[in-house]
Protein chains: 2
Amino acid sequence: MAERGRPRKGAARLSREAIRAAALTVTEDEGVAAVGMRSVARRLGVDAKSLYHHVEGKDGLLDAVAEHVLAGIGLPEPVGVLEDDLRAFAWAFRRAALAHPQAATLVLTRQLPSAVALAPVEAVLSVLRKAGAAPEEAVHLLRSLLAMVIGSLLREAGAGPAFGVTDAEAIARREEELTGAGLAETAPFLARCDHEAEFAFAVDFATEAVAARLRR
Amino acid sequence: MAERGRPRKGAARLSREAIRAAALTVTEDEGVAAVGMRSVARRLGVDAKSLYHHVEGKDGLLDAVAEHVLAGIGLPEPVGVLEDDLRAFAWAFRRAALAHPQAATLVLTRQLPSAVALAPVEAVLSVLRKAGAAPEEAVHLLRSLLAMVIGSLLREAGAGPAFGVTDAEAIARREEELTGAGLAETAPFLARCDHEAEFAFAVDFATEAVAARLRR
DNA sequence: ACCTGAACACCGTTCAAGT
DNA sequence: ACCTGAACACCGTTCAAGT
């Protein structure tokens with residue numbers, strides 16, 4: 001018998017990894033709002049209830065996706081120059097988060113089990129400590145930097161207030177509105193938002209401030 | 001006839017404001033996840049479908065709540081000292097967002113119609129311009145500060161990665177974990193997270209960096 | 001103008017039953 | 001050990017009908 005032991009409907013062998021991969025596919029194809037037990041199960045040719053044997057409900061499923069995206073971060077090797085090293089970590093985080101644009105919001109807004117986030121945290125703290133930060137100060141600086149990075153990426157992921165637009169025709173309209181609202185000088189810059197340039201500015205600004213502080 | 005013209009079920013006169021207020025109540029009482037057309041309508045003693053005459057679906061409802069919370073910001077009068085003024089704006093934003101703790105996440109993560117956010121933006125830009133920032137620089141700095149404030153508050157609202165806990169008994173356990181993970185020095189500070197102190201540090205850090213930059 | 005009955009096409013999750 | 005049928009208690013939204 002050719003189909004001995006094979007699941008009836010041609011469903012692939014179910015596993016936590018397969019489910020997480022399918023959830024990520026649904027996220028990127030249809031948006032994070034479309035992710036659910038039923039839609040993910042459909043991708044796998046399986047009944048929604050089967051997923052409960054491998055993940056802890058919908059929340060567990062979303063956590064698994066966020067965890068996986070964050071785990072994809074490629075930690076840079078520190079070179080010993082504080083500014084460069086902090087910058088490198090920030091850009092590595094951005095690269096990991098935006099590797100799956102629709103899923104980015106999950107990494108940014110879900111409370112992640114500390115285990116996955118531990119390696120990056122440890123790396124940044126080590127760099128700060130070596131640059132002369134006291135333990136408590138290092139933690140404060142880490143949290144400040146992380147807040148700025150997350151806030152920036154949240155704006156970029158479209159889940160946060162933008163005060164700016166990228167698409168070309170909308171900018172002109174937006175600029176006119178702002179000009180009419182007493183923001184004539186700043187309107188041209190407020191109307192548009194180049195997310196990458198904005199991220200670069202914020203990261204440079206913050207890392208230089210950290211360096212200046214620790215130099216003192 | 002006593003009940004001429006009166007709605008059958010004792011429902012209050014329905015209006016956008018009443019609906020928005022009910023939604024805010026549901027949010028604070030049962031969490032933002034519990035907010036829906038049906039739960040809000042139930043509060044008002046009305047059918048869920050009636051809400052569609054006053055708000056644009058569930059998304060419009062949540063936008064209305066976020067908008068209202070942000071509108072509650074009390075804009076401080078600038079005193080002319082850059083650090084003090086920027087700090088005051090940051091704390092005013094925090095106060096408005098956390099006035100309704102459960103709803104805070106809505107202000108932080110929803111793309112708000114610019115109209116409501118315009119007044120605070122204008123105020124901060126004006127302060128930065130008067131301190132000598134060029135128009136483009138002022139916009140970059142505004143966005144950097146806002147990112148840091150939003151990232152910090154998102155952590156505080158429990159919707160972002162925390163790397164820390166507030167409740168007393170959990171801290172010890174957390175600290176032990178972290179110590180065992182090669183973070184012995186920083187563990188005591190990483191294990192706990194005093195959100196207000198953390199916000200204060202980040203805001204002071206950022207505003208002083210802005211001041212130093214513009215002094216140059 | 002405003003509200004609702006009926007209806008549609010969905011949800012996440014439990015549990016007992018199957019293999 | 002893993003999968004599912006039946007079932008439960010929900011969703012948001014449309015539209016035609018009522019007042």
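Residue numbering restarts at 1 for every chain, and letters A, B, ... go by the order of the sequence lines.
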Taken to the nearest whole Å, CD/Glu56(B) to C1'/dT14(D) is 16 Å
To the nearest angstrom, the CG-P distance between Asp47(A) and dG5(D) comes to 6 Å
Assert: residue with more 5' nearest nucleotide on DNA chain C, out of Val35(A) and His53(A), is Val35(A)
The Watson-Crick or G-U wobble partner of dC11(D), with both key distances under 3.5 Å, is none
Is the His140(B) ring parallel, tilted or perpendicular to the Phe201(A) ring (thresholds 30°, 60°)?
-> parallel
Between CG of Leu62(A) and P of dC11(C) the distance, given in whole Å, is 14 Å
dA16(C) -> Watson-Crick or G-U wobble partner, both distances under 3.5 Å, gives dT4(D)
- request: Rounded to whole angstrom, note down the C1' distance from dC2(C) over to dA16(D).
  value: 15 Å
From CG of Leu44(A) across to C1' of dT4(D) the rounded distance in Å is 15 Å
Whole-angstrom distance between dC8(D) and dC11(C), as gauged at atom C1': 12 Å
(Q) Looking at dT4(D), I'd like to know if its phosphate oxygens (OP1 or OP2) sit under 4.0 Å from a side-chain N or O belonging to Lys49(A). (A) no
- Query: Can a side chain N or O of Ser50(A) be found less than 4.0 Å away from OP1 or OP2 on dC2(D)?
  - Reply: no
**Message:** Base, sugar-phosphate or nothing for Arg42(B)? Non-hydrogen atoms, less than 4.0 Å.
**Reply:** sugar-phosphate
Worksheet item: Taking 4.0 angstrom as the limit, do Arg43(B) and Asp29(B) come out as a salt bridge?
Response: yes
Within-4.5 Å side-chain heavy-atom neighbours: Arg20(B) and His54(B): no
Whole-Å distance, Lys58(A) NZ to dT13(C) P, equals 8 Å
Taking dT13(C), dC3(C), dT4(C) as options, the one with an atom nearest any side-chain atom of Tyr52(A) is dT13(C)
CZ (Phe199(B)) and CZ (Arg143(A)) are apart, to the nearest 0.5 Å, by 15.0 Å
Taking only side-chain N and O atoms of His54(A), does any of them lie within less than 4.0 angstrom of OP1 or OP2 on dA1(D)?
no
Taken to the nearest whole Å, CE/Met37(A) to P/dT4(D) is 13 Å
From CZ of Arg16(B) across to P of dC2(C) the rounded distance in Å is 14 Å
Practice problem: Give the C-alpha distance, both sets of side-chain angles, the deciding distance and a yes or no for side chain to side chain contact (heavy atoms under 4.5 Å, CB included) between Leu106(A) and Val69(A). | Solution: CA-CA 9 Å; Leu106(A) 294 175; Val69(A) 172; over 6 Å; no
Which of dC11(D), dT4(D), dT4(C) is nearest the side chain of Arg38(B)? It is dC11(D)
